Amino acid sequence: MAENSNQNTNVVVERLRSWSPNAISEVIEFRGETTVVVPRKVLREVAERCRSDKDLQFNLLSDATCVDRYPLEPRFEVNYHLVSIPRRDRLRLQVRLSSDDPSLDSLVTVWPGANWLEREIFDLMGIRFNGHPDLRRILMPEDWEGHPLRKDYPVEGYRDIPSIATRYTRNRP
Amino acid sequence: MVDTATGGSKTMVLNMGPQHPSTHGVLRILLELDGENVVRAIPDMGYLHTGIEKSCEDKTYSQAITLTDRIDYLNPLGNNLAYCLAVEKLLGLEIPKRAQYIRVMMVELQRISSHLVWLGTHAIDLGAMSVFLYCFREREEILKIFEFVAGQRMMTSYIRIGGLALDLPAGWRQRVEKLLKMMPSRIDEYEELLTGNRIWMGRTKGVGYISAEDAVAYSMTGPTLRAAGLAYDNRRAFPYSSYEEFQFDVPTRTDSDCFGRYMVRVAEMRESLKIIRQAVDKITPDGPFRTEAAGIIPPEREKMKTEMEALIYHFKIFTEGFSPAPGQAFATIESPRGELGVFVASDGSPKPLRVHFRGPSFINLQALPKLIEGKLIADVIACIGTIDIVLGEVDR
């Protein structure tokens, strides 16, 4: 089983390399998972290729998420987890972004299901998706300040919430 | 937020929720209506956002398990399993077969109980009161098994990294056997009440249609996708926890409406019973219920009394935790609602760098406007019910 999936992923990497030598900047194999690191500029083309190529057929976008490696640079890693239902294969596309310009092309045109996933990343991580049809906050209130999942955002938040003890004493004469 | 599509001349905007009972939690939908027809629907959520992903980053790998229970509160064991599979993948741990079978049995029991809640609430939304009572009667029996095995009815935290929290207690087999004997006829009862019922068919047949292409494009998974004709099931496509050793069918339909999804879920309950039957036979009375890995899995109590090393490891695990090698892992399971994925990234410290949950409720809900736009407002209720969302998982 493991061997089989390994062969498949090699096919994927070779296929993408043969299509364009600039499509892949790095391939990471870890615990049986293949991560293809893609330059930001070609992400949408690579994604479109992954979906429509007859030998790849990654028709389902399973997940999109982001990792904040603050204070390291490039700070953000955006991961797209793809599934090929007919070929029973998985692939992770990764794009690395620096903190001075955390933006990349939206994949909503490739997989409409990317819409909310990208909104969530925008909301919680502050990554901008160019060409996204509806880039609004999705989980946090619309007037929220900051992006809570960033590493420089404190777990308790910025808002000053008085403790129960102070509230209790304040109301007493 | 809403600028009406038709220029605001004929349409009105109706705010549905977040306290509407049929939204199964705190989902708010802005409906733009032309008479009784829905022109546009905009789901709005986040009312239950508790920042679980952020909290996980502040806990050790083992501590975060208790948070996973609270994401999809109808499927806590499944969440435990998905999270533990991801961390185990990161660590490269092998789990004993016996523990894997127990996991399968527990998760399949959970699937039945989750589908029962879905069926009961979906039916009550559409006006069938008695089905709700029947479903909760059987769900209670399953929750009693959970309480017996794990000590908790709902937030079990029973599945742990490397295996299970406890071994199965004496007498578990009789209880599960009793349930297995009882359930098939009970599922027949629900079907008798609903499947041929003209009101039920009227409210569900042809309602909430989505084509297979759209379902895939909108990343839908689980019974919703299978009712559209695609037999994509993680237990088959990417087997985990020894699912490849179990015989079961993946029920599919082609009608892709509320009725089709109902039929798929009912068939899934029967398949789950088959899997539980096989798991019960596979679980040996004795054997390990978790793996052995120094520094990761707590040592046995007896060993701590005689071995210095065991005592040191015990202390280290419960004070500092363990540190997986830097890397990322993504593990998926088939939850009752679809593909539940957990992404864990490690930077080599005892706390996860990032934990992300791919909640099937969240992603399936995305297609709701597709299901209801252009349809009648009365069908909105049926469509919300049919995707089977848990708002705890949508908002996390």
Side-chain angles (χ1 to χ4, degrees), chain A residues 1 5 28-33 35 51 59-70 72 77 79 81-90 92 94 108 110-117 119-121 123-125 134 136-142 144 148-151 153-157, chain B residues 1 42-49 51 53-55 57-58 88-92 213-221 225 230-232 234 236-239 244 325-332 339 341-343 345 347 353-359 362-367 370 394-396:
Chain A
M1 190 66 214
S5 68
I28 304 164
E29 292 274 353
F30 183 70
R31 306 278 189 232
E33 292 180 358
T35 308
R51 188 184 66 83
N59 51 354
L60 182 79
L61 174 72
S62 168
D63 191 23
T65 180
C66 179
V67 181
D68 181 4
R69 294 206 180 262
Y70 180 81
L72 302 176
E77 287 172 2
N79 294 306
H81 294 100
L82 317 183
V83 176
S84 166
I85 297 176
R87 291 196 312 111
R88 294 191 177 187
D89 196 11
R90 284 182 182 275
R92 179 186 296 136
Q94 189 176 86
V108 177
V110 186
W111 294 283
N115 191 328
W116 283 17
L117 289 164
R119 272 177 74 186
E120 187 191 325
I121 297 175
D123 186 359
L124 302 177
M125 281 283 191
D134 185 27
R136 288 184 288 125
R137 283 188 183 275
I138 188 163
L139 294 179
M140 305 301 286
E142 279 172 51
W144 194 264
L149 271 182
R150 287 192 174 192
K151 285 285 176 189
Y153 190 101
V155 179
E156 315 81 46
Chain B
M1 197 162 153
I42 304 171
D44 177 29
M45 58 277 183
Y47 295 93
L48 220 57
H49 180 61
E53 291 176 7
K54 182 83 173 173
S55 305
E57 293 173 10
D58 205 43
E88 284 157 7
K89 203 178 203 180
L90 206 55
L91 292 160
E213 293 78 43
D214 279 345
V216 175
Y218 279 92
S219 301
M220 290 181 110
T221 47
L225 184 63
L230 268 119
Y232 175 61
N234 267 284
R236 262 292 152 68
F238 306 101
E244 66 275 6
Q328 326 188 314
F330 185 62
T332 52
E339 178 172 294
V342 178
F343 172 82
D347 58 352
L353 175 70
R354 175 91 166 92
V355 181
H356 173 75
F357 296 91
R358 184 244 190 244
F362 176 67
I363 294 163
N364 290 352
L365 183 63
Q366 193 170 195
K370 200 89 190 156
V394 174
D395 295 342
R396 282 153 294 156

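Not measured: the values here are computed from a predicted model. Per chain, numbering begins at 1; letters A, B, ... match sequence-line order.
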Between [options], which residue shows the highest count of heavy-atom pairs closer than 4.5 Å to chain A?
options                       : result
B/A329, B/A231, B/G327        : B/A329
B/A325, B/A217, B/G46, B/A367 : B/A217
B/M220, B/Q328, B/M45         : B/Q328
B/E339, B/E57, B/R396         : B/E339

Can a salt bridge be assigned to the pair [X] and [Y] using a cut-off of 4.0 Å between side-chain N and carboxylate O?
X      : Y     : result
B/R354 : A/D68 : no
A/E33  : A/R92 : yes
B/R358 : A/D63 : no

Let me know if [X] has heavy atoms under 4.5 Å from chain A in its side chain, its backbone, both or neither.
X      : result
B/I363 : side chain
B/Y47  : neither
B/D58  : side chain
B/N364 : neither
B/T221 : side chain
B/L90  : both

Name the region of [X], side chain, backbone, both or neither, that has any atom closer than 4.5 Å to a heavy atom of chain B.
X      : result
A/P86  : neither
A/P148 : backbone
A/L124 : side chain
A/V83  : side chain

Are the side chains of [Y] and [X] in contact, using a 4.5 Å heavy-atom criterion?
X      : Y      : value
B/V216 : A/W111 : no
A/R69  : B/L353 : yes
B/L365 : B/Y218 : no
B/R236 : B/E244 : no

Next item on the list: Could you tell me how the ring of A/H81 sits relative to the ring of B/F330: parallel (under 30°), tilted (30 to 60°) or perpendicular (over 60°)?
Entry: parallel
Next item on the list: For B/T332 and B/N234, run side-chain hydrogen bond (donor to acceptor under 3.5 Å, both in side chains): C-alpha distance rounded to whole Å, both residues' side-chain angles, the deciding distance at 0.1 Å, then the answer.
Entry: CA-CA 7 Å; B/T332 52; B/N234 267 284; 3.2 Å; yes
Note to self: As a quick check of understanding, evaluate side-chain contact (heavy atoms from CB on, under 4.5 Å) for A/R150 and A/Y70, giving each step before the final call.
What the structure shows: CA-CA 8 Å; A/R150 287 192 174 192; A/Y70 180 81; over 6 Å; no
Checklist line | Selection from A/M140, A/E77, A/E120 maximising heavy-atom pairs under 4.5 Å formed with chain B | finding: A/E120
